[in-house]
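The chain is numbered in sequence order, starting from 1. Atoms considered below: every heavy atom in the structure, side chains included; atoms not considered: hydrogens, waters and symmetry mates.
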Amino acid sequence: MTTTTLAQPSWHLQRNSFGRLVLTDADGVAHENVIPVRAFPVSAPDRGLSLVSSDGHELAWIDTLDELAGSARQFIEEELASREFMPEIERIVSVSTFATPSDWTVQTTRGTTTFTLKGEEDIRRLAAPALLIADSHGIQFLIRDQKALDKTSRKILDRFL
């Protein structure tokens, strides 16, 4: 096991032989299968992070990822990356129709893809100016700043808002 000290010297974060996170607290109790959870995954992804046990109880709170030692931060970032999948839409290439359901072709941070928007209610406003779009399979696409999109993308998006 690789031991890494967190912000408090009495806590240790390590990976077990199965690759799962183990948090050893100040009392020396090892908590297996620890899961990092972001408090604000869209609006402040690097602030407010909780390490929870497999039964959902909070074991540790981390204000920012910057306060962690290098390998502890790496463990947590790797774990988050393996659990989270939310591509960001950079550009709306085209839509099949302005009525729903419609097929959208978008350019994202993960490449170009096409998805089906079932209804306008699948576009949710988050903290301004962010939007979250759910496709027909439940995959969430993030538009971090709708005003930062190109003119054509904004025009298409406005037809659905």
Side-chain angles (χ1 to χ4, degrees), residues 6-7 13 15 18-23 31-68 70-161:
L6 288 174
L13 186 67
R15 284 203 185 271
F18 298 107
R20 296 194 176 113
L21 293 179
V22 178
L23 178 80
H31 300 274
E32 300 273 337
N33 300 327
V34 172
I35 302 165
V37 178
R38 295 183 199 270
F40 308 102
V42 175
S43 60
D46 292 336
R47 300 191 56 81
L49 185 87
S50 182
L51 297 178
V52 298
S53 64
S54 57
D55 59 356
H57 290 91
E58 184 175 284
L59 302 171
W61 176 260
I62 301 162
D63 286 327
T64 66
L65 285 174
D66 293 337
E67 73 185 40
L68 297 177
S71 51
R73 181 177 178 158
Q74 180 182 348
F75 288 158
I76 290 171
E77 286 176 339
E78 288 170 355
E79 199 69 23
L80 288 169
S82 72
R83 295 181 53 233
E84 296 175 344
F85 179 75
M86 188 181 303
E88 282 188 45
I89 294 176
E90 298 173 330
R91 186 168 75 90
I92 302 171
V93 178
S94 66
V95 294
S96 62
T97 178
F98 289 108
T100 54
S102 65
D103 293 328
W104 290 39
T105 301
V106 296
Q107 184 178 357
T108 73
T109 53
R110 309 260 180 149
T112 302
T113 190
T114 300
F115 63 85
T116 301
L117 179 72
K118 291 188 297 187
E120 288 88 1
E121 65 275 2
D122 292 326
I123 301 175
R124 290 184 286 159
R125 294 181 189 270
L126 302 174
L131 298 170
L132 197 60
I133 301 174
D135 76 357
S136 60
H137 300 291
I139 296 174
Q140 308 272 339
F141 292 86
L142 175 66
I143 297 177
R144 194 165 300 278
D145 183 356
Q146 62 184 345
K147 295 174 183 150
L149 293 173
D150 63 277
K151 185 177 179 180
T152 305
S153 298
R154 287 193 315 269
K155 206 174 206 182
I156 292 170
L157 191 57
D158 284 345
R159 303 281 300 265
F160 289 90
L161 295 177

> Given R110 and M86, is the side-chain contact (heavy atoms from CB on, under 4.5 Å) satisfied, shown in steps?
Replying inline: CA-CA 9 Å; R110 309 260 180 149; M86 188 181 303; over 6 Å; no
> Under a 4.5 Å cut-off applied to non-hydrogen side-chain atoms, are V52 and L59 in contact?
Replying inline: no
>> Working note: L131 + R124, criterion side-chain contact (heavy atoms from CB on, under 4.5 Å); need CA distance, chi angles, decisive distance, verdict.
In response: CA-CA 6 Å; L131 298 170; R124 290 184 286 159; over 6 Å; no
> To the nearest 0.5 Å, how far apart are CD1 in I156 and NZ in K151?
Replying inline: 13.0 Å
> Does a sphere of radius 6.0 Å around CZ in F98 hold more than 12 heavy atoms from other residues, nucleotides or ligands, not counting ones at 6.0 Å or beyond?
Replying inline: yes
>> Any heavy-atom pair between the side chains of Q74 and E79 that's under 4.5 Å?
In response: no
>> Surrounding CZ of R154 (heavy atoms of other residues, nucleotides or ligands, distance under 6.0 Å), is the total greater than 12?
In response: yes
>> Any heavy-atom pair between the side chains of I133 and W104 that's under 4.5 Å?
In response: yes
> Got L13 and I76 here, is their nearest side-chain heavy-atom distance under 4.5 Å?
Replying inline: yes
> Any side-chain heavy-atom pair from V34 and R20 closer than 4.5 angstrom?
Replying inline: no
> Going from CG on L117 to CZ on F141, what distance comes out if it is rounded to the nearest 0.5 angstrom?
Replying inline: 10.5 Å
>> Counting only heavy atoms not in R47 (residues, nucleotides, ligands), do more than 12 fall under 6.0 Å from its CZ?
In response: no
> Do the non-hydrogen side-chain atoms of L157 and I143 ever get within less than 4.5 Å of each other?
Replying inline: yes
> Do V106 and R91 have side chains that get closer than 4.5 Å, going by heavy atoms?
Replying inline: no
> Which heavy atom in I89 sits nearest to a heavy atom in L149, and how many Å separate them?
Replying inline: O-CD2, 4.0 Å
> Is it true that the side chains of T114 and T105 contain a donor and an acceptor less than 3.5 Å apart?
Replying inline: yes
> Do we see a donor-acceptor contact under 3.5 Å between the side chains of D103 and T116?
Replying inline: yes
> If you look at every heavy atom in Q140 and P87, which pair is closest and at what distance?
Replying inline: O-CD, 3.5 Å
> Can you tell me how far the CG atom of L49 sits from the CZ atom of R38, to the nearest 0.5 Å?
Replying inline: 7.0 Å
> Charged N to carboxylate O under 4.0 angstrom, R73 versus E78?
Replying inline: no
> Just by distance, with hydrogens left out, do H137 and D135 show a side-chain donor and acceptor under 3.5 Å apart?
Replying inline: no
> What's the spacing between L68 CG and D63 CG if we round to 0.5 Å?
Replying inline: 10.0 Å
> Are Q107 and T112 close enough that a side-chain donor and a side-chain acceptor fall under 3.5 Å?
Replying inline: no
> Closest heavy-atom contact between E90 and D150?
Replying inline: O-OD1, 4.5 Å
> Under 4.5 Å between any side-chain heavy atoms of W61 and L51, yes or no?
Replying inline: no
> Between T100 (side chain) and S102 (backbone), is there a donor-acceptor pair under 3.5 Å?
Replying inline: no
> Say you draw a straight line from CD of E88 to OG1 of T108; how long is it, rounded to the nearest 0.5 Å?
Replying inline: 9.0 Å
> When rounded to the nearest 0.5 angstrom, what distance separates OG in S54 from CD1 in I35?
Replying inline: 6.5 Å
